[in-house]
Amino acid sequence: MAEDVDLLEPCMSTQSTIGAALLQNISETLTYLDVGGCGGLQPKLAESREQLPDGSWRFELRQGVTFSDGTPFDARDVKHSFDRVMSDQITCEAKRYFGGMTVSAGVVDDHAIDFKADPVQPILPLLSLDLIVPEGTPIEFTRAPVGTGPYVLRDWTPGQQIVLAEREGYWGDKPAVSETTYLFRTDPAVRAAMIAAGEADIAPSIAAPDATNPGRLLVSGQRGDLYQPGSLDAADQRPARAQGAEHGHRSRGVHRHPAARRHAAGDRAVPAALLGLERGGAVPEIRPRGRQTAAGGSRGRWRAGRYQDDAGGTPRQLPQPHRGDGGDPAAAARGGFSVDLQFYEIAEFQKLYSKPYPTDRGPMMATAMHDNSKGDPSFTMFFKYASEGLQSGISDPKADDLIARASAATGEGCARLWSELQAYLHDDVVADVLLFHSVRFVRVAPRLEWRPNMSTTLSLPLGGIAFK
Amino acid sequence: MSSFIRKRAFANLVSLLGPVVMVFFLSRLTGDSASLFLPVDATEQMREEFRQLHGFNDPLLTQFGRHVWDPLHLDFGASIRRARPAIDVVLEAFVWTLQLAVITMTLVAVAVIVVGLLAAFRAGGLCDRIAPLTSLIGASGPDFWVAIVAFVVFSVGLGWLTTSGTGTVWHRILPIAVLFIRPFGLIVQAVRGSMISALSSA
């Protein structure tokens, strides 16, 4: 692992290092998301679910399941786990997905529980994040997790290692891996070398230059995307389409291909959407954006022509909050823009980049990276493109409708609706300019029968690993 | 003597208080603690609860009072991120750092005295040739680069030593060897110079 684990707290398992140790290993969820396919939610501790007439969801729980401390699992554990996440006495990161709604859990009987959202909205994917802890777990953060999963925490030496061991009495299939040691090495070269030296079996996040052995290396799909939302003016009261048109003009002026080409050989690839390659990210309906690719003649990533037309031929000041790989001011100047490149600390950047947007500034482009490691479009698309999304720069009824319908759909309809939404956002709304996908490399020892996927950055279910 | 002690005590108090004051105010200049700590997509309600829970809503002077008063009672607080006493987190890392530093500096002290003395006694001898060479290497070879090359050669290439970790004496050889080079190179030259001047003045 690239980082030491701070906690082994189930409600913080959205942090990648914590999730890698806990998720589906020590602790389990009611359902889990079929990353890589459009199979939707699969049963885990909940055997089935149904939507009730009032919009709430009823889960029928698996019977005969016990926690690693021997206590039986029932609906009160589920309620306690959920209430713990929502408590104001600890800061659980999973809580952030429940913004703008009140969700309550009601125990029906020992093996059934209802979840009700007010206002009614698709909460099903969100509930798959909640790791179940026993009812007796105190509200404060724990460092000794107890769960229903196939493994127990055998040893934790902070800063050095975590050892998980298979436990007796697990309700599911017996895993092939009986014991796992997590070691923490911050240097990617060291992690890669540990596989070569036979000291470890899986090394996540190694650097592209270390990806020298295609036989042993697997690309874990896309991890993050750099994108540049257009003007995020909260004060802009024009109709959404007009705002979209301005976004279109502006972003057509941005070259993405020189940057993408520059990076494509390393750990980046040209994106079609803000989602992963594995889940609806490769969208055939999206047309190549000719004006972006054909804006030859300038090596820069900015061209002012279209933007100047839109703004009456007067180059405007374009302050740009800059995080990571931002624009090139010299290239922008060659293109006729007057760019004021600004650097921000993360907390300051958040004020400009998340709602409520400041109203006392002009047009602005932000360069940001988005990580959709959970692999579910519901998280990303609502957050970035819905009218109510915390970091959305658009308000478009059609996009809102597509997001709502795609979030609720499963199977074929799910893939089709997400594709339609992505094509619409890319071709018509031009909500942002996708610059590149980051590709994460994982080195895997030859003795393992295992392939990483996009969620490998967030979780590492040991039950899915086998030996050759 | 007592005025000397008073002066030194005052000087030390200033150098202790300086960082305490600076850490408090500088860490608040970099922005809202809730925004820095919580994920970027945290809701405003979560941020507010976080501020309330950890006392960031109190007046700045109250917070500063706690920041100064608590350590005076040997209460170093809890690490919010790790949910355990902050002092434990620091001491845990400190023990390893201290071990490496003590072992390395002991070895360096012995080696520089032996090599430095021999170099001074026998000008032009083997040790006298080694001393300037190691000085040059020690002064110009950055630790992090030497460390990477050493581990590529000895751990990955030859497979003699482990790439990382702790536990056995084999785990300590590479880090100590790398840490040894720089201070040895710098100090051996000083010992040799001092010894030559001491011998010539005798």
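Here is how names work: the chains are called A, B, and so on, in the same order as the sequence lines, proteins then strands, and each is numbered from 1.
- In terms of non-hydrogen atom pairs under 4.5 Å with chain B, the most contact-rich of Leu183(A), Asp187(A), Thr142(A), Asp4(A) is Asp4(A).
- Within the structure, ring pair (Phe, Tyr, Trp, His ring centres under 6.0 Å) contacts touching residues 147-180 of chain B (residues at least two apart or in different chains) are Phe180(B)-Phe184(B).
- For the set Ala83(B), Gly159(B), Ala42(B), Pro39(B), the count of heavy-atom pairs under 4.5 angstrom toward chain A peaks at Pro39(B).
- With no hydrogens or angles considered, a side-chain donor-acceptor pair links Glu199(A) and Thr163(B) at under 3.5 Å.
- One finds a salt bridge joining Arg154(A) and Glu179(A) here, because a Lys/Arg side-chain nitrogen approaches an Asp/Glu carboxylate oxygen to under 4.0 Å.
- Between chain A and the options Gln52(B), Glu44(B), Met46(B), heavy-atom pairs under 4.5 Å are most frequent for Met46(B).
- Within the 4.5 angstrom heavy-atom criterion, no atom of Leu8(A) approaches chain B.
- The part of Gln160(A) that comes within reach of chain B is its side chain, from C-beta onward, which places non-hydrogen atoms under 4.5 angstrom from that chain.
- When His54(B), Glu92(B), Gln45(B) are compared by the number of non-hydrogen pairs under 4.5 Å with chain A, Glu92(B) comes out ahead.
- Here Arg82(B) does not pair with Asp88(B) in a salt bridge; the nearest charged N to carboxylate O distance is not below 4.0 Å.
- Between chain B and the options Pro158(A), Gly159(A), Cys92(A), heavy-atom pairs under 4.5 Å are most frequent for Pro158(A).
- Using modelled atom types, one finds no donor on one side chain facing an acceptor on the other under 3.5 Å when comparing Thr43(B) with Arg96(A).
- Using a 4.5 Å cut-off between heavy atoms, Gln89(A) touches chain B through backbone and side chain atoms alike.
- For the pair Arg28(B) and Phe24(B), the cation-pi criterion (under 6.0 Å, within 45° of the ring axis) is fulfilled.
- There is a side-chain donor-acceptor pair under 3.5 Å between Glu48(B) and Asn57(B).
- Ranked by heavy-atom pairs under 4.5 Å with chain B, the first of Gly198(A), Ala197(A), Ala193(A) is Ala193(A).
- Residue contact with chain A, scored on non-hydrogen atoms closer than 4.5 Å, is absent for Ser33(B).
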